[in-house]
**Student:** 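Have a look at this one.
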Amino acid sequence: MPDQRTTTASATGGTVDIERRYTSGDTGKAELRADNGEKRIGGYAASFNRQSKNLGGFIEVVDPIAFNQSRGDGWPEVIARYNHDDNQLLGTTAAGTLRMSLDQYGLAYDVLPPKAMGYVVELVERGDVRKSSFAFRTVSDDWTTTDQGYPLRRLTGVQLVDVAPVNTPAYNDTSAGLRSLASKFDADLEEVRSMAQADELRKFFVRTDGPQPKAPRKKGMFGPAAAAQLLARKEDPYA
């Protein structure tokens, strides 16, 4: 699957990745809805507190507060596109053809496609298109571990870009997550990427500065050898 990550200019002149995630299970199912005789496409673009699959050395969850800023701003410039394709526009919040909401389960969307996109309505109605997805820019995240000690990224603040019914879920754009982890631990990005490929990111969460076991003192040690060991123990704060 090709890398579907895109970037946009940031206020500081750098770039901010647009990441994409799809919602697995029945919660994220794209479905057809009737509304005053109109056929609308809807579903959950994101589910809260649901662990993703392995994203390449870490897993991820969406915190219930992640979309609060976007909601507070009135979902500005959020669009709905089939398969996140610019040429497959379904609706926009600006025009009122796309409606967004939050509840205890996640981020819900409801879009009224134009007649020219009727084939997407038919694909959803037939069950050929069954997944929902969302694209976002990370504003804030937090890194911890699961109960099993596996690296866990929690999205706590995101700028919502779009929502989409999709037939090809996109999960492989994890570079932004790896950069976030590298920044958290002040580590080299290439080193983090190598560790991710080897599934060794959990090493960042294992303490290596704790008490070290004391070396046993050999019987009969005296003179310079004994003095050297004593000096080493004094210099070692954990000895």
**Student:** Quick one: which of Lys131, Arg130, Arg126 gives a salt bridge (Lys or Arg N to Asp or Glu O under 4.0 Å) with Asp128?
**Tutor:** Arg126
**Student:** How close do Ala66 and Leu155 get, heavy atom to heavy atom, and via which atoms?
**Tutor:** CB-O, 3.5 Å
**Student:** Could you see if Leu98 belongs to whatever hydrophobic cluster contains Leu32? Use Ile, Leu, Val, Met, Phe, Trp, Tyr and a side-chain cutoff under 4.5 Å.
**Tutor:** yes
**Student:** Looking at every non-hydrogen atom in both residues, tell me the closest pair between Ser132 and Tyr109 and how far apart they are.
**Tutor:** OG-OH, 2.9 Å
**Student:** If you round to the nearest 0.5 Å, how far is CG of Leu189 from CZ of Arg179?
**Tutor:** 6.5 Å
**Student:** Test of understanding: clusters of I, L, V, M, F, W, Y form through side-chain heavy atoms closer than 4.5 Å, transitively. Do Met117 and Val121 belong to the same one?
**Tutor:** yes
**Student:** Quick check: is Val158 connected to Phe48 through a chain of hydrophobic side chains (ILVMFWY, heavy atoms under 4.5 Å apart)?
**Tutor:** yes
**Student:** Look up atom CZ in Arg193 and atom CD in Glu190, then write down how far apart they are to the nearest 0.5 Å.
**Tutor:** 5.0 Å
**Student:** Could you go through Tyr150 and Asp199, starting from their C-alpha distance and side-chain angles, then the distance that decides it, and tell me whether this counts as side-chain hydrogen bond (donor to acceptor under 3.5 Å, both in side chains)?
**Tutor:** CA-CA 10 Å; Tyr150 204 74; Asp199 199 23; 2.6 Å; yes
**Student:** Closest approach of Val166 and Val129, non-hydrogen atoms and distance?
**Tutor:** O-CG1, 3.6 Å
**Student:** Between atom CG of Asp63 and atom CG of Asp141, what is the distance when rounded to the nearest 0.5 Å?
**Tutor:** 11.0 Å
**Student:** Is there a side-chain contact between Met195 and Phe204 in this structure, where contact means two heavy atoms from C-beta onward sitting under 4.5 Å apart?
**Tutor:** yes
**Student:** Can you tell me how far CG of Leu152 sits from CG of Asp147, rounded to the nearest 0.5 angstrom?
**Tutor:** 9.5 Å
**Student:** May I ask you to list the residues sharing a hydrophobic cluster with Leu112, side-chain cutoff 4.5 Å, ordered by chain and number?
**Tutor:** none
**Student:** When the aromatic ring centroids of Trp143 and Phe185 are compared, is their separation below 6.0 Å?
**Tutor:** no
**Student:** Run the salt-bridge test on Arg153 and Glu19 with the 4.0 Å N-O cut-off and return the result as yes or no.
**Tutor:** yes
**Student:** To the nearest 0.5 Å, what is the distance between CZ (Arg33) and CD1 (Ile41)?
**Tutor:** 10.5 Å
**Student:** If hydrophobic clusters are built by linking Ile, Leu, Val, Met, Phe, Trp and Tyr wherever their side-chain heavy atoms come under 4.5 Å apart, do Val78 and Leu102 end up in the same one?
**Tutor:** yes
**Student:** Name the one of Tyr44, Tyr22, Phe67 that satisfies ring pair (Phe, Tyr, Trp, His ring centres under 6.0 Å) with Phe134?
**Tutor:** Phe67
